[in-house]
Amino acid sequence: MAPTTQHDTEQYATPSSVWRLRTDAWEYLGYAAKALPGASERGKSEDGLLKEVTRQLRVLEAVETYWAVPGKARVLALRESIEAGDYAEALDQIEPVTRAFSRFGHDTEEQRQDSDGQLSPFDPSIATASDPRPRFEVLVIDDVSETDREELLAEMARQRRSTDAFFYEINVVSSLEDAIIAMLLNPTIQACILRPGFTIPARHRPGEDLRRFLDGFVDPDIASYPPKERILRLADKLKDLRPEVDLYLVADVSIEELAGSVNRRFARLFRREESMEIHLSLLQGVSERFSTPFFDAVQQYSRKPAAVFHALPISRGGSVVNSRWIKDMEEFYGLNLLHAETSATSGGLDSLLDPHGSIKEAQDLAARAFGARRSYFVTNGTSTANKIVHQSIVAPGNVVLVDRNCHKSHHYALMLAGAQVAYMDAYPLNDFSFYGAVSLRTIKSMLLDYRKAGRLDEVTMLTLTNCTFDGIVYDVERVMAECLAIKPDLVFLWDEAWFAFASFHPVYRRRTAMGAAAKLEKDFKDPDYAARYAAQRETLFDPVTGEPGDDEAWLNTRLLPDPDTARLRVYATQSTHKTLTSLRQGSMIHVFDQDFNHLNEETFREAYMTHTSTSPNYQILASLDIGRRQAELEGYELVQRQAYLAQSVAQMVARHPLLKKYFRVLTTLDLIPEEFRETTRPMPLRDGIAAMDEAWRTDEFVVDPSRLTLHIGNTGVDGDTFKHQYLMDGYGIQVNKTSRNTLLFMTNIGTSRSAAAYLIDVLVKLAEHFETERQDMSPWALAALEKTVASLVGTPPPLPDFSRFADHFRVDDQTIDGDIRTAYFATYKTGSCGYLMPDELAEQVRAGHEVISAGFVTPYPPGFPILVPGQVFTAEILSFMAALDTREIHGYDPDLGYRVINELPVRKG
Ligand SMILES: Cc1ncc(COP(=O)(O)O)c(C=O)c1O
């Protein structure tokens, strides 16, 4: 059906802002319905109000098409009331909606509290105060008449029972494009029912952003496909956007014939008349995601009476409730925490070290949610998760390629594993004193060096951090594909400590380890891909010898791996506690390893045993289970919102006259050099989902839009001081990371609109403070300040590259890996190491001596080791360290200096 109405749709340009647009529009209408009666007597322009009301109604009419509740029908009824001048009726129609919006956690916690102080759950409906059941929406896709639509809604309403665990509302859209828009805009949709009658084009003309997104996403020939093919394509697209949403197919004819070919995409097929079955399946589908086997088991356990004769005095509150001195522990944490404390060895609950029951089930659900083959819970953070994965894959002597700026847990893990570590340098961002990420060219060159040196079979794993602390995101699929083209059995460890949330947004998901592994697995089975590979092979291998051709050609070609030999062996470690709901230290390891069962299931188990406590904290495990539930049911909504809020803060800083004088949010153009980008937009998501999609499809690196790096050089205050003295002490604002002249702000799934507003407010207050301070300064003080500003906005000594391992720890001079473990343990022998002060060291380096670091030297910030055991000191490293104004440098003693190796150890083998 052709578009029928043209709407003012630039207003809902981006899905990430539509939630705010709806809230604001309904709130405006509420305000107007109160202001309109007698407006002119109070000197207000009735015409002006009505003009804006009409505009907001037009926006809502288009947007609410994609919601069951309040939905388009309510907007049309509201318009009638307003047109009839019945503002009291209009207010009655609006108020339940705005009340429901404010019950949902868009705003502060206080605003979400009911009169009894209870936090209201997410509640998209307008009539739910008395019904605490979680609610969701079901999207039906079919081109039906109004009468058929009403009949369908009535029929499904008849199936409802008061005993149903959840409550849902149904919305019907008629076309494929509308279904895709609804899935993008409306995160409360938890299930879709496809019926073959749907049409193709959107009923309302979509805004420019959505139009561009659809054009890039939907096959332009879709209308010419036979009905079954169209259904399959639509199902694939919907799964691509929101894999967690259950799809059902309702067909009248040939259901048996369809069953064989479409089942993979659909949770179930139905005939039209099977309303009760459909109803029960809808509830069942959501209850499978809602289910939290381990959290439930912990709760049940805590309710059982038990006497404790086990080494856990706080269990059942034993040591606390009868105490005269620590009563406040119970008061503060509550009895449930104590009742839930137990351990596997006391019986009753599953064991993390050998899970067969509720922990196993919870891990399996996590694997489904994150698109992994297997998932493992870890109770000591990603620091431990990384050590487990390294140990499970790397044997002593194996070469591991790793970003030098990776988290310290990798360095320690590689040292423990006895790896030959080949450090790669990320591109530096000298102006801001931190690093970007490792270019694909650097990674490929290194693999090719190993190939040339005849050592490629020693290279076992590539470890990268995605996204980096500062939010630089790799093209994970491309990195893995090109590396596998050179080394088909390379294992990948993606440190996604900061990226657990990314699985729950369609654009982000593509750049996760699990998302990319699934895509590559699909590609490798595709005959078109095989043909492309065969064609490329001809250009890269010598036709006579069959040997790889010139390295330069390999570097300059976008390499395709051989689908017959490449193995997908992909691991991701995630600090669930950093970006999703989980108690501190709750992390997960996700595995997508085609060789796991026959190659390293056992080594993984042993590595897991090596690093996992025999007394894991069950509350952490339960919180991982419940965090997974939340991510599957509302992750999409929350991730959209966190990115949107960050973008709105960035926009505010850029526009506000005083803020922009002192602060600047760094954009893609600052953080990603041009050579790594095809697109040119500074903040793609700000321009809409299509722009974000385009950058995330094409650019080698992109920036996570939920992170803001704020340049503060113009304030004359360095990052560390700004963080502690101005933000923390002054306003209680916490930030994760600073550099010399920047602060990193992260939004997260718990960030509210009011928190974002508070941040802006504080920045304005601080800018005003700097302004007044300058006005009151003497000329001398002002000159001194200008000097400080100049040094903060200027470029300091460049960030040093990794120098090299001392020859003693290397294998040859063609490759760069070093034996970090031997270097580390060299210091255990009495007298084998000593200390040198920076000036003595500089003197020795100038004299051409090879001075070797005995330990890790890590300044905070930036937080990555400048030196590792076995690495040689260079003049660049020393001048960088000399210019650092960081208070905290691990591995450097201001009284003694740097620890250096005096006596080279004997190397085995
Ligand atoms: C990239 C990276 N990996 C791993 C970790 C360690 O994670 P956790 O704090 O969960 O142990 C961090 C911590 O900041 C990190 O930044």
Side-chain angles (χ1 to χ4, degrees), residues 366 370 375-391 400-416 421 423-424 426 434-438 461-474 476 479 492-502 511-513 571-590 607-608 610-613 616-617 619-621 623-624 627-628 701 703-704 706-707 709 723 734-739 743-746 748 856 858-865 868 888 890:
F370 288 87
S375 292
Y376 294 87
F377 291 171
V378 178
T379 56
N380 193 22
T382 300
S383 304
T384 290
N386 286 336
K387 289 180 192 126
I388 292 171
V389 178
H390 280 290
Q391 186 180 319
V400 176
L401 312 190
V402 58
D403 176 1
R404 195 268 305 249
N405 307 319
C406 63
H407 185 256
K408 62 177 189 266
S409 53
H410 296 284
H411 302 278
Y412 286 114
L414 292 166
M415 181 273 291
L416 287 173
V421 187
Y423 283 116
M424 299 178 296
F434 58 84
Y435 288 88
V438 183
M461 186 155 79
L462 170 68
T463 300
L464 293 170
T465 305
N466 191 54
C467 61
T468 66
F469 206 153
D470 303 284
I472 314 270
V473 184
Y474 284 86
V476 180
V479 170
F492 299 90
L493 166 54
W494 292 96
D495 181 334
E496 295 183 349
W498 300 103
F499 222 38
F501 70 92
R511 288 192 179 222
T512 63
Y571 291 74
T573 50
Q574 295 179 341
S575 297
T576 319
H577 66 94
K578 289 196 204 297
T579 65
L580 295 172
T581 295
S582 158
L583 292 179
R584 210 65 176 150
Q585 298 192 2
S587 281
M588 295 193 200
I589 300 171
H590 302 300
Y608 194 84
T610 308
H611 296 284
T612 303
S613 164
N617 184 302
Q619 320 316 328
I620 296 178
L621 297 175
S623 76
L624 286 170
R628 187 271 313 151
F701 300 112
V703 179
D704 169 7
S706 68
R707 279 160 190 256
T709 302
K723 168 181 167 168
Q734 299 175 14
V735 292
N736 268 68
K737 177 178 178 271
T738 60
S739 79
L743 297 168
L744 176 70
F745 292 91
M746 285 180 223
N748 62 48
F856 292 96
T858 312
Y860 283 81
F864 55 85
V868 304
E888 201 179 327
H890 299 182

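Just follow the structure's listing: the first ligand is 1, and inside any ligand the first atom is 1. Predicted model, so just to flag it, every value in this text is computed and none were measured. Only heavy atoms go into these numbers, but all of them, side chains included; no hydrogens, no water, no symmetry mates.
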Checklist outcome for this item: Closest to atom 15 (C) of ligand 1 among protein heavy atoms sits His407 CD2, 3.5 Å
Item to check | From the candidates Lys737, Gln585, Lys578, Lys408, the one that places a heavy atom nearest atom 14 (O) of ligand 1 | outcome: Lys578
Item to check | Closest approach of any protein heavy atom to atom 11 (O) of ligand 1, naming residue and atom | outcome: Ser383 OG, 2.6 Å
Next on the checklist: Quick check against the 3.5 Å criterion: does Gln585 have a side-chain atom that pairs as donor or acceptor with the backbone of Ile620?
Outcome noted: no
Checklist entry - So, does Asn405 use its side chain to make a donor-acceptor pair with the main chain of Phe864 at under 3.5 Å? => result no
Checklist entry - Between Thr573 and Asp495, is a side-chain contact (heavy atoms from CB on, under 4.5 Å) present by the stated rule, with each step listed? => result CA-CA 5 Å; Thr573 50; Asp495 181 334; 4.0 Å; yes
Checklist entry - Going by the angle between their ring planes, with limits at 30° and 60°, are Phe499 and Phe501 parallel, tilted or perpendicular? => result perpendicular
Checklist entry - Is it the side chain, the backbone, both or neither of Ala497 that has a heavy atom closer than 4.0 Å to ligand 1? => result side chain
Checklist outcome for this item: If you scan protein heavy atoms around atom 8 (P) of ligand 1, the nearest is Thr382 N, 3.4 Å
Checklist entry - Quick check: does any side chain N or O of Tyr376 sit under 3.5 Å from a backbone N or O of Ala385, one acting as donor and the other as acceptor? => result no
Next on the checklist: Please check this pair: side chain of Arg511 against backbone of Tyr474, looking for a donor-acceptor N/O pair closer than 3.5 Å.
Outcome noted: yes
Item to check | Winner among Thr465, Asp495, Val378 once heavy atoms are compared against atom 4 (C) of ligand 1 | outcome: Asp495
Next on the checklist: Any nitrogen or oxygen of Ser575 lying under 3.5 Å from a nitrogen or oxygen in ligand 1? Just yes or no.
Outcome noted: yes
Item to check | Within reach of ligand 1, part of Trp498 (heavy-atom separation under 4.0 Å) | outcome: side chain
